[in-house]
Structure formats: C-alpha cells, structure tokens
Amino acid sequence: MAEGKNLYETVIVTSAKLGEEGSAALVEKFKALISEHGTVQNVDDWGKRRFAYPINKQTEGYYTLINFESNPEFTAELDRRYQITDGIMRTLIVKRDPRHIVEPKPQKVQKTEEGGIDVEAIAVEAVEAEAGE
C-alpha cells in the first residue's frame with residue numbers, strides 16, 4: 001500500500017429510472033473519477049434490488065460496490081460529487097481496515113468422479129432415459 005493512501009469501499013445506489021445502461025454509465029463515470037485520484041481494485045455489480053422502503057417514491061435501484069485505494073482527502077470530494085449527481089439515490093463510503101482484508105483463495109477444480117462414481121456418465125444416462133420415455 002502506498003504511503004498516505006487508505007483502502008475504501010463505496011456502495012452506490014442508482015435510480016431504476018435510468019435503466020441498466022444509464023446506471024452502468026454513471027458507475028463508469030465515478031470509476032474514472034476514482035481512477036484519477038487513486039486505484040480501483042474491483043467493481044462488483046449487485047444488480048437491481050428492491051428497497052426495504054420507498055426512497056423518493058421509488059421502490060427499486062441498481063447497487064454497485066467499488067473497492068479502491070486513495071488519499072483520505074479524496075473521499076470528501078467523492079461524497080460531494082455523489083450528492084450533486086442526478087440519478088444517485090444513496091451512497092456509502094467506508095474505510096476498510098487492512099488487517100481484516102482476506103485475500104481470495106484460488107478455488108480448486110472439482111473432479112467429475114466423486115468417490116469412484118462417474119457423475120457425468122450417470123447424468124447422461126438419466127437424460128437419455130427421459131428422452132426415451
């Protein structure tokens with residue numbers, strides 16, 4: 001981690017009225033802004049979700065999580081830009097503690113034969129048996 005930079009995550013809730021393309025364009029705009037002032041680590045699009053209660057008479061919105069690294073001064077500017085942008089319904093910026101960050105482990109490839117049983121062969125036989133009936 002670079003000197004003077006912290007790890008952050010931000011959640012953006014955009015209006016469902018924008019549609020999927022409009023929401024993606026808005027997220028790209030903020031991703032570019034974050035890239036100018038820091039480093040974007042990953043972007044996780046959670047998709048369209050229903051709200052627990054109406055916000056501005058809307059019941060759905062698009063959620064996006066962005067993990068990034070930047071200077072602490074930038075988060076105030078990012079929050080200000082969130083507030084003045086049309087289509088942004090809710091936002092949250094949280095500083096992450098580097099001691100609690102877990103690196104994703106590479107997933108092991110599962111064998112098709114489990115306990116000496118060829119699962120794929122059994123599945124093919126089952127499909128053929130249903131097609132024959």
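Just the heavy atoms: all of them, side chains too, but no hydrogens, waters or symmetry mates, feed the values below.
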Exercise for the section: Could you walk me through whether Leu7 and Lys95 pass the side chain to side chain contact (heavy atoms under 4.5 Å, CB included) test, one step at a time? Expected result: CA-CA 6 Å; Leu7 297 173; Lys95 180 180 175 185; over 6 Å; no

Completion exercise
In terms of heavy-atom contacts, Asp44 and Trp46 come closest through OD2-NE1, 3.0 Å

Exercise for the section: Following the transitive rule for hydrophobic clusters with a side-chain heavy-atom cut-off under 4.5 Å over Ile, Leu, Val, Met, Phe, Trp and Tyr, establish whether Val11 and Tyr82 coincide in one cluster. Expected result: no

Exercise for the section: Using distance alone, with no hydrogens and no angle criterion, decide if Ser15 and Tyr62 have a side-chain donor and acceptor under 3.5 Å apart. Expected result: no

Exercise for the section: Check the surroundings of atom CD in Glu77: do more than 12 heavy atoms from other residues, nucleotides or ligands lie under 6.0 Å from it? Expected result: yes

Problem - Electrostatic pair Lys48-Glu60, nearest N-O below 4.0 angstrom - result: yes

Exercise for the section: Report yes if the side chains of Leu26 and Ile88 come closer than 4.5 Å at any heavy-atom pair, otherwise no. Expected result: yes

Problem - Smallest separation among heavy atoms of Val40 and Ser35, with atom names - result: CG2-OG, 3.4 Å

Exercise for the section: Would you confirm whether the ring centroid of Tyr8 sits within less than 6.0 angstrom of the ring centroid of Phe74? Expected result: no

Handout entry: Worked check of side chain to side chain contact (heavy atoms under 4.5 Å, CB included) between Glu69 and Asn6
Key = CA-CA 6 Å; Glu69 181 179 358; Asn6 294 323; over 6 Å; no

Problem - Close side-chain approach of Thr64 and Phe30, heavy atoms under 4.5 Å - result: no

Fill in the blank from the handout: With sequence neighbours left out, the residues meeting side-chain contact (heavy atoms from CB on, under 4.5 Å) with Glu9 are Leu65, Asn67, Val94, Arg96

Exercise for the section: Return yes when atom CG of Asp86 has more than 12 non-hydrogen atoms of other residues, nucleotides or ligands closer than 6.0 Å, and no otherwise. Expected result: no

Exercise for the section: Find the distance between CD1 (Ile93) and OG1 (Thr75) and round it off to the nearest 0.5 Å. Expected result: 6.0 Å

